[in-house]
Number of protein chains: 2
Amino acid sequence: MFKKQQLTKTECSQSMQAIKDALQVLSGKWKLPIILALSDGPLRFKELQRAVNNITPKILSKELKELELNEFVERTVHATSPVTVEYNLTPYSGTLEKLIAELQSWGLQHRQYIFSKSKMRKAVEA
Amino acid sequence: MFKKQQLTKTECSQSMQAIKDALQVLSGKWKLPIILALSDGPLRFKELQRAVNNITPKILSKELKELELNEFVERTVHATSPVTVEYNLTPYSGTLEKLIAELQSWGLQHRQYIFSKSKMRKAVEA
DNA sequence: GATACTGCTATCCTTCCGGATACTGCTACC
DNA sequence: GGTAGCAGTATCCGGAAGGATAGCAGTATC
């Protein structure tokens with residue numbers, strides 16, 4: 001495993017960095033829920049707050065800034081009065097789809113694997 | 001995005017859970033490095049500690065327990081004196097390979113994407 | 001004029017992750 | 001007997017993530 005290509009130290013730490021980058025953009029309690037909420041269409045700040053289980057505005061604001069930096073969401077200000085702000089997913093956020101699907105399918109099979117193992121163990125103990 | 005199949009609330013939260021499961025087994029500062037270190041062959045506790053950038057024994061012990069629970073590593077005690085303990089990857093840990101590859105390639109392209117964006121911005125400003 | 005809505009920011013507080021340091025019981029070597 | 005190695009455990013600590021609460025400027029509503 002992980003040995004198919006012999007990597008130099010530099011290459012190895014670079015690919016470690018890439019993995020950590022990827023994990024980081026999805027980690028935390030809120031990023032996925034926010035992305036999911038926006039996947040049904042654009043939402044305004046308060047709408048988003050309500051959509052995502054009443055996340056506090058401070059956290060939501062912070063998360064949105066990070067998602068903006070990573071170019072997953074776009075912030076557009078409408079000059080209505082009072083101003084309304086809309087958040088929506090960028091096309092680039094679509095590149096996450098394959099990754100998320102992979103995480104999802106692995107997570108699912110893992111849960112089943114661990115579950116069946118623990119059932120086996122209980123059967124043996126009984 | 002994420003809309004191809006209409007999901008019920010239950011299905012949706014189940015797949016969220018799967019994604020979170022997957023993220024969790026790889027998150028944290030040490031799990032990947034430990035797996036990588038073990039991918040070259042089994043190691044004993046102290047060897048592992050030295051291999052992974054002098055992780056403290058407490059953390060190493062904790063991480064190993066988690067990896068054991070997830071069936072990624074196997075702990076074997078040899079009845080030498082004093083006892084020696086060997087850790088090695090299970091075959092099951094191989095199922096991570098595809099996921100890790102996906103994370104790695106996405107992370108790499110993302111870094112390049114963000115980098116090229118920021119270069120563009122600087123060019124415009126100049 | 002009071003209240004309520006908007007999109008936030010500020011302040012304080014708790015909880016958790018990881019780290020430093022020290023220590024255990026055991027054996028082997030000098 | 002003293003020192004060093006092994007596989008950990010125990011104790012204390014700092015920083016970051018996240019949460020609760022309050023507040024701001026601006027506008028619309030009653």
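We use all heavy atoms of the structure for the numbers below, so side chains are in, but hydrogens, waters and symmetry mates are not. Throughout, protein chains are lettered first and strands after them, A, B, ... in sequence-line order, and every chain is numbered starting at 1. Keep in mind the model is a prediction, meaning the values are calculated, not measured.
Side-chain atoms of A:Asn70 and B:His110 include a donor-acceptor pair closer than 3.5 Å.
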DNA chain D base-pair string [pairs: Watson-Crick or G-U under 3.5 Å; |: paired with another strand]: ||||||||||||||||||||||||||||||
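Between the CG atom of A:Leu60 and the P atom of D:dA17 there is a distance of 17 Å, rounded to whole Å. Rounded to whole angstrom, the span from the NE2 atom of B:His78 across to the C1' atom of D:dA7 amounts to 13 Å. One atom, CZ of B:Arg44, and another, C1' of C:dC26, lie 14 Å apart when rounded to the nearest Å. One atom, CD of A:Gln49, and another, C1' of C:dC8, lie 10 Å apart when rounded to the nearest Å. Rounding to whole angstrom units, CG of residue A:Asn53 and P of D:dG18 are separated by 15 Å. A:Leu64 places its CG atom 8 Å from the P atom of C:dC8, with the value rounded to the nearest Å. B:Lys46 places its NZ atom 18 Å from the P atom of C:dA28, with the value rounded to the nearest Å. Distance, A:Lys65 NZ to C:dG7 C1': 11 Å, rounded to whole Å.
Side-chain contact between B:Gln17 and A:Arg111: present, with at least one pair of heavy atoms (C-beta onward) separated by less than 4.5 Å. Counting only heavy atoms from C-beta outward, the side chains of B:Leu38 and B:Val73 approach each other to under 4.5 Å.
Across the interface with DNA chain D, nearest-nucleotide mapping of B:Tyr87 and B:Pro82 shows B:Pro82 to be the residue nearer the 5′ end.
Taking the six-membered ring where the residue is Trp, B:Phe45 and B:Tyr87 present tilted rings, their angle falling between 30° and 60°.
Of the listed residues (A:Glu102, A:Gln104, A:Gln109), just one forms a side chain to side chain contact (heavy atoms under 4.5 Å, CB included) with A:Trp106, and that residue is A:Gln109.
Using a cutoff of 4.0 Å between basic side-chain nitrogens and carboxylate oxygens, B:Glu71 and A:Arg121 are scored as salt-bridged.
Here A:Ser61 reaches the OP1 or OP2 of C:dT9: one of its side-chain N or O atoms lies under 4.0 Å away. Taking 4.0 angstrom as the limit, B:Arg50 places a side-chain polar atom (N or O) nearer than this to OP1 or OP2 of D:dC6.
To the nearest 0.5 Å, the span separating CG on A:Leu36 from CD1 on A:Ile100 amounts to 8.0 Å. Atoms CD1 and CG, on B:Ile19 and A:Leu108 in that order, are 10.0 Å from each other to the nearest 0.5 Å.
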Protein-to-nucleotide contact annotation, 5' to 3' order, nucleotides 16-22 of chain C [B base; S sugar-phosphate only; - none; under 4.0 Å, heavy atom]: --BBB--
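Pairs of residues two or more places apart, or lying in two chains, that qualify as salt bridge (Lys or Arg N to Asp or Glu O under 4.0 Å) and include a residue from residues 60-69 of chain A are A:Lys31-A:Glu63, A:Lys31-A:Glu66.
Checked against C:dT9, C:dG7, D:dG5, the side chain of A:Arg75 finds its nearest nucleotide in C:dG7.
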